[in-house]
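The structure appears below as structure tokens.
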Amino acid sequence: MNDQIHSGDDGHGELGDAEYAEFMELAAQEGFDPEDIEGALDEAGHGPLPVLAVVGRPNVGKSTLVNRILGRREAVVEDRPGVTRDRVTYEAEWAGRRFKVVDTGGWEQDVLGIDASVAAQAEFAIEAADAVIFVVDAGVGATDTDEAVVKLLRRAGKPVVLCANKVDGQSGEADAAMLWSLGLGEPHPVSALHGRGTGDMLDEVLKVLPEAPAQTFGQVLGGPRRIALIGRPNVGKSSLLNKVAGENRVVVNEVAGTTRDPVDERIELAGRTWTFVDTAGIRRRVHLTEGADYYASLRTAAALEKAEVAVVLIDVSEPISVQDTRIISMAVDSGRAVVIAYNKWDTLDDERRFYLEREIERDLVQVQWAPRVNISAATGRHTEKLVPAMDTALEGWETRVPTGRLNAFLGEIAASHPHPVRGGKQPRVLFGTQAGTRPPRFVLFASGFLEAGYRRFIERRLREEFGFRGTPIQVSVRVREKRGRGGRNARK
């Protein structure tokens with residue numbers, strides 16, 4: 001059938017057969033290698049990436065291992081536990097396979113007692129993971145804390161690869177072998193610091209990591225859409241959930257603590273059923289100091305993995321904080337539809353409203369496309385506006401532009417606003433396609449390198465032309481390189 005839509009597994013993204021054939025013919029005319037085109041569409045058209053969690057007790061080398069997997073220094077590494085990360089989820093690649101890595105290092109070791117701390121830490125990470133690397137210090141051997149994590153892993157039922165870290169030479173192999181006693185299978189001797197054995201371990205990880213997890217949300221006609229209420233601690237997530245539910249579904253407490261076991265809530269709104277992913281974390285267990293922001297980040301990352309729309313709550317009674325902008329960035333980076341809800345709007349006076357608008361213009365300029373709702377979770381003011389805002393964001397998130405219309409638009413852009421000349425050359429966008437939705441993912445093929453400013457200009461014009469309200473847009477560029485003798489186009 002010519003109108004068959006490809007899922008992305010065959011490398012065609014979401015192009016129909018006829019559209020794909022026409023697109024490949026255009027690419028060949030411009031001198032692009034078919035394999036390069038297939039690779040670009042495959043990368044841009046994939047579904048959600050599988051998630052790999054790295055867990056273990058403090059100071060066993062989790063962050064060092066994450067950096068080794070990433071091939072760059074990204075996760076913060078210090079000699080003491082309790083370091084709050086700016087990010088906890090990273091994208092990695094090994095042997096041509098792409099996946100997400102969740103670093104669970106860095107919590108306040110003696111806040112709850114070590115066993116309870118590790119248990120809470122591991123539960124959050126494992127919740128969103130498709131597979132787990134369990135890191136143990138081979139030199140120290142299996143401790144009671146390690147045994148506690150093993151129990152969690154067995155209950156979770158996720159595939160586990162056992163990493164015996166800090167094995168810097170042959171002398172440490174015997175120490176690694178002792179970890180068979182944990183009952184998790186073969187220990188893989190590794191030196192995360194020096195890279196020894198990490199390749200063999202990652203080969204084992206790929207054997208248990210799925211190609212791509214099933215994308216279950218939104219596939220059943222009339223099925224509940226999945227909404228994550230996210231925001232920094234005490235911003236009003238639980239109050240809002242209770243208000244829209246019309247009853248006290250979750251406990252509200254002024255003190256931020258670790259979350260209870262998350263329970264998704266089905267709620268009727270505007271005559272429809274919605275599933276709210278519970279990220280409120282409300283049942284108080286302990287005062288967390290440095291760890292509070294880190295636990296909040298873990299909960300946010302886990303909720304985003306399960307959601308379609310992220311409703312980001314911001315407390316307007318206080319200045320917009322770095323943590324607010326960080327959480328918004330997490331939502332955008334996760335590729336979810338985004339709505340920004342400004343809570344406690346009923347508390348604003350004229351002076352605070354003036355400064356708030358300046359803060360929004362200064363700090364949130366990159367998400368001007370997100371629908372905005374001014375609400376009061378406490379009183380229910382304007383909470384009814386959440387549904388149209390979420391519908392708008394979902395519509396943009398699922399919008400697809402036909403390839404022919406997109407290329408006509410790109411031609412107009414090239415004619416009216418060509419790329420600046422650099423080094424005597426003027427790169428051009430030759431053609432492009434939308435390889436996927438949820439969020440919209442575009443691949444542009446160009447004659448030369450496109451500067452970041454020009455890419456942002458194209459994204460802005462895409463929004464002006466086609467809408468995409470409430471959704472991030474992902475734009476990747478492949479550059480046509482001159483062929484050498486017997487060579488192929490290089491990938492960028």
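Basis for what follows: all heavy atoms, side chains included, without hydrogens, waters or symmetry-related copies.
Taking 4.5 Å as the limit, some side-chain heavy atom of I267 sits within range of a side-chain heavy atom of L241. Taking 4.5 Å as the limit, some side-chain heavy atom of L364 sits within range of a side-chain heavy atom of I320. Under the 4.5 Å side-chain criterion, counting only non-hydrogen atoms from C-beta, W94 is not in contact with V205. Contact annotation: the side chain of L410 never approaches that of F445 to less than 4.5 Å [non-hydrogen atoms, C-beta and beyond]. T399 places none of its side-chain heavy atoms less than 4.5 Å from the side chain of T471. Within the 4.5 Å cutoff, the side chain of I340 has heavy atoms near those of the V367 side chain. Residues W274 and V309 have side chains not in contact (no heavy-atom distance under 4.5 Å, counting atoms from C-beta outward). Taking 4.5 Å as the limit, every side-chain heavy atom of I230 sits out of range of all side-chain heavy atoms of I328.
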Fill in: Stepwise side-chain contact (heavy atoms from CB on, under 4.5 Å) check, V316 with N374
CA-CA 9 Å; V316 298; N374 302 330; over 6 Å; no

Practice prompt. Please lay out, stage by stage, how R469 and E395 fare under the test side-chain contact (heavy atoms from CB on, under 4.5 Å).
Written response: CA-CA 8 Å; R469 181 102 168 114; E395 181 182 355; over 6 Å; no

Discussion item. R232 vs N234, test: side chain to side chain donor-acceptor pair (under 3.5 Å). Steps then yes/no.
Written reply: CA-CA 6 Å; R232 55 188 171 86; N234 299 328; over 6 Å; no

Worksheet item: Going through the distances and angles, do I133 and L65 end up as a side-chain contact (heavy atoms from CB on, under 4.5 Å)?
Response: CA-CA 10 Å; I133 293 178; L65 180 61; 3.9 Å; yes

Discussion item. Please evaluate residues I69 and F99 with respect to the criterion side-chain contact (heavy atoms from CB on, under 4.5 Å), reporting the C-alpha separation (whole Å), side-chain torsions for both, the decisive distance (0.1 Å), and the verdict.
Written reply: CA-CA 11 Å; I69 294 171; F99 52 92; 4.2 Å; yes

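Crowding of E361 atom CD: a count of heavy atoms from other residues, nucleotides or ligands under 6.0 Å exceeding 12.
Distance check, rounded to the nearest 0.5 Å: CG of L462 to CD1 of I413 gives 7.5 Å. Taking CD1 of I227 as the start and CD of E265 as the end, the distance is 14.0 Å to the nearest 0.5 Å. Residue W369 holds its CH2 atom at 15.5 Å from CZ of R460, rounded to the nearest 0.5 Å. Taken from CG in D333 to CD in E91, the straight-line distance is 10.0 Å, to the nearest 0.5 Å. A distance of 7.5 Å separates CG in N67 from OH in Y90, rounded to the nearest 0.5 Å. Taking NE2 from H417 and CD1 from I458, the interatomic distance works out to 12.0 Å, rounded to the nearest 0.5 Å.
A cation-pi geometry, defined here as NZ or CZ lying under 6.0 Å from the six-membered ring centre and within 45° of its normal, does not hold between R405 and F409.
No donor-acceptor distance shorter than 3.5 angstrom exists from the side chain of N343 to the backbone of D315, with no hydrogens or angles considered. In this structure, H419 contributes its side chain and V429 its backbone to no donor-acceptor pair below 3.5 Å. Remark: side-chain polar atoms of K62 are paired, donor with acceptor, to backbone N or O of G56 under 3.5 angstrom. Side-chain N or O atoms of R478 include none that pairs as donor or acceptor with a backbone N or O of V443 at under 3.5 Å. No side-chain donor-acceptor contact under 3.5 Å links R372 to the backbone of A370. Using a distance-only test at 3.5 Å, with no hydrogens or angles considered, a donor-acceptor pair links the side chain of E308 to the main chain of R226. Of the possible polar contacts, one joining the W397 side chain to the G335 backbone as a donor-acceptor pair under 3.5 Å is found. A donor-acceptor contact shorter than 3.5 Å is absent between the side chain of S239 and the backbone of G236. Between the side chain of R455 and the backbone N or O of L450, at least one donor-acceptor pair lies under 3.5 Å. When atom types are taken as modelled, the side chain of R97 and the backbone of L209 share a donor-acceptor pair closer than 3.5 angstrom.
Considering only residues two or more places apart in sequence or on other chains, K158 meets the side chain to side chain contact (heavy atoms under 4.5 Å, CB included) condition with I126, V132, A156. Partners of R362 by side chain to side chain contact (heavy atoms under 4.5 Å, CB included), not counting sequence neighbours, listed by chain and number: E359.
Heavy-atom minimum distance, A446 versus V477: CB-CG1, 4.1 Å. The minimum heavy-atom distance between V401 and Q434, with the atom names listed, is N-OE1, 2.7 Å. Shortest non-hydrogen contact noted between V338 and P371 is O-CD, 3.2 Å. Shortest non-hydrogen contact noted between L152 and R155 is CD2-NH2, 2.9 Å. What you find for P210 and P50 is that their closest heavy atoms are O-CG, 3.2 Å. Across S334 and R336, no two heavy atoms sit closer than the pair O-NH1, 2.8 Å.
Salt bridge E459/R456: absent, no basic N to carboxylate O contact under 4.0 Å. Under the 4.0 Å criterion applied to side-chain N and carboxylate O atoms, R353 and D350 are assigned as salt-bridge partners.
Under the salt bridge (charged side-chain N to carboxylate O under 4.0 Å, His left out) criterion, the residue pairs touching residues 376-392 are R272-D391, with sequence neighbours excluded.
Note on ring orientation: taking the six-membered ring where Trp is involved, the planes of W345 and Y342 are perpendicular (angle over 60°, cut-offs 30° and 60°).
With 3.5 Å as the limit, one finds a donor-acceptor pair spanning the side chains of D324 and S321.
Among V66, V60, D146, the single residue meeting the side-chain contact (heavy atoms from CB on, under 4.5 Å) criterion with V135 is V60.
Aromatic ring centroids of F466 and F442 lie 6.0 Å or more apart.
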